[in-house]
Amino acid sequence: MNNFDFINEELELLEKNNLKREIKTVKTANGPWVELTCGKRVLQFGSNNFLGLSSHPDVINSIKSAASKFGAGSTGSRLLSGSSELHSELEKVIAKFESSEDSICFSSGYSTNIGILSSLIGKEDVVYSDEYNHASIIDGIRFSGAKKFIYKHLDVNHLESLILENSTKFRRSFIVTDTVFSMDGDIAPLAEIGEIAQKYDCITIVDEAHATGVFSSDGSGLVSDLGLNNFYPIKIGTFSKAFGLEGGFCSGPKNVIEFLRNKARSFMFSTSPSPAIVGGVLKSLELLKDGSWRREKLWQNAKQLHTGLKKIYKLPVNNFKTPIITLTFKNIDDVMIFSNRLLNECHIWAPAIRPPTVKEPRIRFTPISTHSEDDIDYVIRAVDFLSKDLKVEPAFLST
Ligand SMILES: Cc1ncc(COP(=O)(O)O)c(C=O)c1O
């Protein structure tokens, strides 16, 4: 008998409901193929390495030379010893890339959302948040202490009705949304949300984590691709998806960024990103901006996969909006069987996404620009074979 019996009970419950997470470990660089520690070589369809930059030799060389020059670790927070020339350079180039006055960088996308939302928004304010916003947005809003209203996913009518009902009772109103939804692969109605924000004097904050590098001719994201920068002065992004590294950023007006440097607690009270990573991000940004052929190949691969899966009888594939392609299932057991068979029999690593990450269980496929046409074709044939063989009657949840 010990004080941790409750932990065992919780773990047993997760196990019983097929919700216990298991970490799979890789022993090679992340690319279209990876080798797992069990020795299996598998096609990687579950990463966010959209442009394949995570293992690009130029990025790796930049990491090495930044580490040689500035050391391995940053040694402190940005406000103490942890601000190298590379950090300042990165904030300048990101501001330019985002067509903003200034930018601020964080150690992760998660800590970016925590820092931005909890400092810009206060207890006296109200936040309207899309039902499917990322966990880091949800947590950032919680930390702000503001009153939160959740509008139905992508539903601008619901958003407007909540604003009409509530906004006058609060000091300031904020609308916060992902631009690309990471687990659904759909996109926010940004023009409509922007108009509503203007009409009712709401401040918008958007998270472009899965849009940066993927949308617009220079990769600067969905907001700029749609020509909506005027509606969205404050944008959040990450270096952990298309950049292939780690870290996050917020771009915006000079005074907002200066405020964040003084108030965002996850910036002030956390060791800054290592100079090596920042060196890699700077190189990755160059490749990402200038390599529109990588984006074209990414979209081509995504389209090939989506079209192929759509042709399979009764398969519940999401609508094609982004390179995040999902198959939804009625229950957790089915999705686990499907994902495990993809891995064990077909050597395809496409993770099952379960509650609480999403409401409806699904397989999430993320093709990347370095997959070949044959890789994609193989996945389509494997899914076709398994869906027939398993006789899983999939739910039509996301179509
Ligand atoms: C929309 C969104 N915001 C923020 C994050 C967190 O980013 P990071 O993994 O860099 O902490 C993610 C991660 O998947 C995300 O999808």
Side-chain angles (χ1 to χ4, degrees), residues 21 23 30 44-51 53-54 90 94 98 103-118 120 127 129-144 150 153-154 174-188 190 193 204-215 221-223 232 234-251 260 264-267 270-274 277-278 280-281 284-285 288 318 321-326 350-351 353-354 356-358 362 364-366 368:
R21 267 48 176 179
I23 292 178
N30 243 307
Q44 168 66 285
F45 268 80
S47 82
N48 295 312
N49 182 23
F50 293 113
L51 302 177
L53 294 176
S54 159
L90 180 60
I94 285 291
E98 292 281 312
S103 86
I104 176 171
C105 295
F106 292 75
S107 303
S108 72
Y110 184 89
S111 64
T112 308
N113 272 326
I114 298 287
I116 305 304
L117 298 170
S118 65
L120 287 182
V127 187
S129 173
D130 186 287
E131 173 181 17
Y132 289 175
N133 274 343
H134 187 257
S136 55
I137 294 182
I138 296 170
D139 294 354
I141 295 171
R142 277 189 193 138
F143 278 5
S144 77
I150 297 179
H153 184 49
L154 313 181
F174 291 81
I175 303 174
V176 186
T177 184
D178 287 2
T179 60
V180 169
F181 289 86
S182 58
M183 294 298 146
D184 296 81
D186 50 9
I187 59 182
L190 292 172
I193 292 176
T204 54
I205 302 176
V206 284
D207 181 340
E208 293 254 71
H210 288 271
T212 315
V214 173
F215 282 92
L222 187 57
V223 169
Y232 296 101
I234 302 173
K235 291 185 284 180
I236 285 162
T238 66
F239 302 125
S240 53
K241 321 296 181 211
F243 280 79
L245 289 114
E246 62 191 54
F249 63 88
C250 173
S251 62
L260 291 171
R265 293 170 68 84
S266 55
F267 176 83
S270 182
T271 297
S272 69
S274 86
I277 290 296
V278 176
V281 170
S284 188
L285 176 60
L288 179 149
N318 62 347
K321 301 276 186 214
T322 72
I324 297 168
I325 296 167
T326 65
I353 314 287
R354 292 167 280 174
T357 311
V358 291
R362 68 200 58 187
R364 176 181 183 263
F365 293 96
T366 43
I368 64 174

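Both counts, for ligands and for their atoms, begin at 1 and track the order of listing. Nothing fancy with the numbering, it's 1 onward along the sequence.
- By the side chain to side chain donor-acceptor pair (under 3.5 Å) test, R142 is found to be paired with D139, residues two or more places apart in sequence or in another chain being considered.
- Put simply, the side chain of N133 reaches to within 4.5 Å of the side chain of T177, judged on heavy atoms.
- In terms of the side chain to side chain donor-acceptor pair (under 3.5 Å) criterion, residue partners of T179 (sequence neighbours excluded) are, by chain and number, E208.
- The backbone N or O of I141 lies less than 3.5 Å from a partner atom in the side chain of S144, making a donor-acceptor pair.
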Per-pair distances, ligand 1 N/O vs protein N/O, less than 3.5 Å:
residue  : atom   : partner : partner atom : Å
ligand 1 : 3 (N)  : D207    : OD2          : 2.6
ligand 1 : 9 (O)  : K241    : NZ           : 3.2
ligand 1 : 10 (O) : G109    : N            : 2.9
ligand 1 : 10 (O) : S240    : OG           : 2.7
ligand 1 : 11 (O) : G109    : N            : 3.1
ligand 1 : 11 (O) : Y110    : N            : 2.8
ligand 1 : 14 (O) : K241    : NZ           : 2.7
ligand 1 : 16 (O) : H210    : NE2          : 2.9

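- Annotation: side chain to side chain donor-acceptor pair (under 3.5 Å) contacts of T238 (sequence neighbours excluded): S240.
- Checking D186, N318, T322, D207 one by one against F181, the side-chain contact (heavy atoms from CB on, under 4.5 Å) holds for a single residue, D186.
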